[in-house]
Amino acid sequence: MSEEKYIPLNFIEEIIEEDLSNGKHGGRIHTRFPPEPNGYLHIGHAKAICTNFELAKKYGGKTNLRFDDTNPTTEETKYVEAIQRDIKWLGYEWEGEPLFASDYFDDLYQYATKLIESGDAYIDESTAEEIAEQKGVPTSPGKESPHRHRSIEDSLRLFQEMKDGKHPDGSMVLRAKVDMTAPNMHLRDPVIYRVKHQHHHRTGDKWCIYPMYDFAHGQSDSIEKITHSLCSLEFIHHRPLYNWFIEKLGIFPSRQIEFARMNVAYMITSKRRLLRLVDEGVVSDWDDPRMPTISGLRRLGYPAKAFRVFCDKVGLAKRDNLIEIELLESCVREELNKVSTRMMVVMDPLKLTITNYPDDYVEMVDVDNNPEQEDAGKRKVPFSKHLYIEQGDFMVDAPKKFFRLGPEKTVRLKNGYIITHRDHTIDADGNVTEVFVEYYPESKSGSDTSGIKAKGVLHWVSREQAVSIDTISYDRLFTDPTPLGHEGKDMMDFVNKDSKHIDSKALAEPHILEVGDSEHLQFMRKGYYIKDQSSTTEKLVFNKTISLKDSWGKAQKKMK
RNA sequence: CGGGGUGUAGCGCAGUCUGGCUAGCGCACCUGGUUUUGGACCAGGGGGUCGAAGGUUCGAAUCCUUUCACCCCUACCA
């Protein structure tokens, strides 16, 4: 018997479980993820995706993917494709084919006609400015439009003409007749159809009128028999309207439930602003590894599982939040530690020569591909008299707790032998240029009979077989956790001007040549890396996903 | 003259509806141990009196009253 671990329910799970116990919808759970195809998915979408898919999975339900494509001005097919790729990569499979709000344009047109016939909608020829004027401000009631009491026949005729392309953009709209005095602005006779002589990415030129969000989203939910329509808190004011249409139209009663958006420190999730970063050349593209997009973070090397765990750990509630980026990074490290192939890579090479090791001899030593995984196996790595170690692993005046190499110090070369420093050379500037050591033949890893204890363990690479690679490390794109949260300041004021560092010094063990494109690597004692798409057969390029935790470095910083 | 939402450790969440164990959990932080990654793992620890005030009660984060703060709503965007 395993101990039952109590996992508390979030407020949406409580609603679902109550619905389930009441037998609502015959115990059926159906959610949906409804992106507008006008940009790439970002970390905020990941939260919505995980929430919708995981909730359905937990309760044996289904999740639709529906593109909310009711505004042809901003939407494109390339985004439709990118969005599908990102959702799949995150590890989710939607029910059936991808769906589109534009598939329902005929139904929506019928719904609108029905509303006009029942006297619940009318054609308004007021200008946008006049309509805004009529709606007024939240603190005082609005005024009725002069067209509000136009005859049903007139509205019907005009709506038909709108559809037939007889009226130019902006000349008239269809408005729902709700309540101009409502304190909720969305109830003050909202516009539900507008004229837009604009080519649509799917329906082409079939339509020149398009439904507004409020007259498409809830109806689409209803058509798809979505049981729980989850959205972010800012849509809470739309809910009364959402329900009003369901009631007036007598259609399937989907239920809208709002939760708080996830905000992550140092990241922004506004498509408009992300586009600006691309357009102004702050980053190379939407999939730049510094972008908070799914594609960018994937390229950086964040594994899909880390997103899922992260979203789960963040939880679900209704209060404003700002998640520390350290939580995301912790999820990334946790997953990467489990799956990464360990590699020996020296980032900043320093020559090391084993004076008592045979010349021209190359020994193949065993290295674990991944000590966290029993079945990951081992591989052979060349070891020889002439090696490179990390410049930072040798210090002439080493502090007491420096468990690395220094004058007369003894350390182990990872998976190789224990060595003791004997000498080193220094150039005119005082930089150490080469270290000379002696090794203990009987101290070989796996068959050590030397009895010598070495506190420090260093990674290394054999000089003759070393492969030169490029590495790119990234810093945060912004210098402030909330670049949008400063009155009178622009996010560009907080852009980190020095967020990308390309380095060509690194030397890797030969196995680096056989690494897969999406294989997560751990450069031992350094960090996690992944091959970048800019790699060529001549030159491999690796993105640094994230460094290993570095308690030594942290302690050093504290000392200063 | 409006309406809606939210306030529990540094951050994120549970506990509130159905008052009652020393207010829990994750990340972060600290200490010790194990270890051929100063990683990882294991063990332990510090930190909140529950936005504030008043009330009900033997007893309140949980119930009542008042109050404060923050966020959202004024697109022919979604």
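Throughout, a chain's letter reflects where its sequence line sits, starting with A, and its residues are numbered from 1. None of the values given here were measured: they were computed from a predicted structure.
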Inter-nucleotide P distance (B/rU57, B/rC13), Å rounded: 36 Å

Using the C1' atom in both, what is the distance from B/rA23 to B/rG33, to the nearest Å?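 Taking atom C1' in both B/rA23 and B/rG33, they lie 31 Å apart.
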
Taking atom types as modelled, find out whether [X] and [Y] have a side-chain donor-acceptor pair closer than 3.5 angstrom.
{"X": "A/Asn64", "Y": "A/Glu224", "value": "yes"}
{"X": "A/Gln134", "Y": "A/Arg148", "value": "no"}
{"X": "A/Asn369", "Y": "A/Arg342", "value": "no"}

Scan nucleotides 28-34 of chain B nucleotide by nucleotide, 5' to 3', and note B when protein non-hydrogen atoms come under 4.0 Å of the base, S if they reach only the sugar-phosphate, - if neither. SSS----

May I ask you to say whether A/Arg175 pairs ionically with A/Asp124, meaning some side-chain N is under 4.0 Å from a carboxylate O?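 Looking at A/Arg175 and A/Asp124, the cut-off is met.
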
Respond yes when some side-chain nitrogen or oxygen of [X] is under 4.0 Å from OP1 or OP2 of [N], and no when none is.
{"X": "A/Lys135", "N": "B/rC76", "value": "yes"}
{"X": "A/Thr70", "N": "B/rA78", "value": "yes"}
{"X": "A/Arg319", "N": "B/rG12", "value": "no"}
{"X": "A/Arg239", "N": "B/rG5", "value": "no"}

Below 3.5 Å, does any donor atom in the side chain of [X] face an acceptor in the base of [N], or the other way round?
{"X": "A/His237", "N": "B/rC72", "result": "yes"}
{"X": "A/Arg342", "N": "B/rU37", "result": "yes"}
{"X": "A/Arg525", "N": "B/rU36", "result": "no"}
{"X": "A/Arg412", "N": "B/rU36", "result": "yes"}
{"X": "A/His238", "N": "B/rA78", "result": "yes"}

Restricting to side chain to side chain contact (heavy atoms under 4.5 Å, CB included), what partner residues turn up for A/Ser171, sequence neighbours left out? A/His167, A/Pro168

Ring centroids of A/Tyr213 and B/rA78 base under 5.5 Å with planes under 30°: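 According to the criterion (under 5.5 Å, under 30°), no, A/Tyr213 does not stack.
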
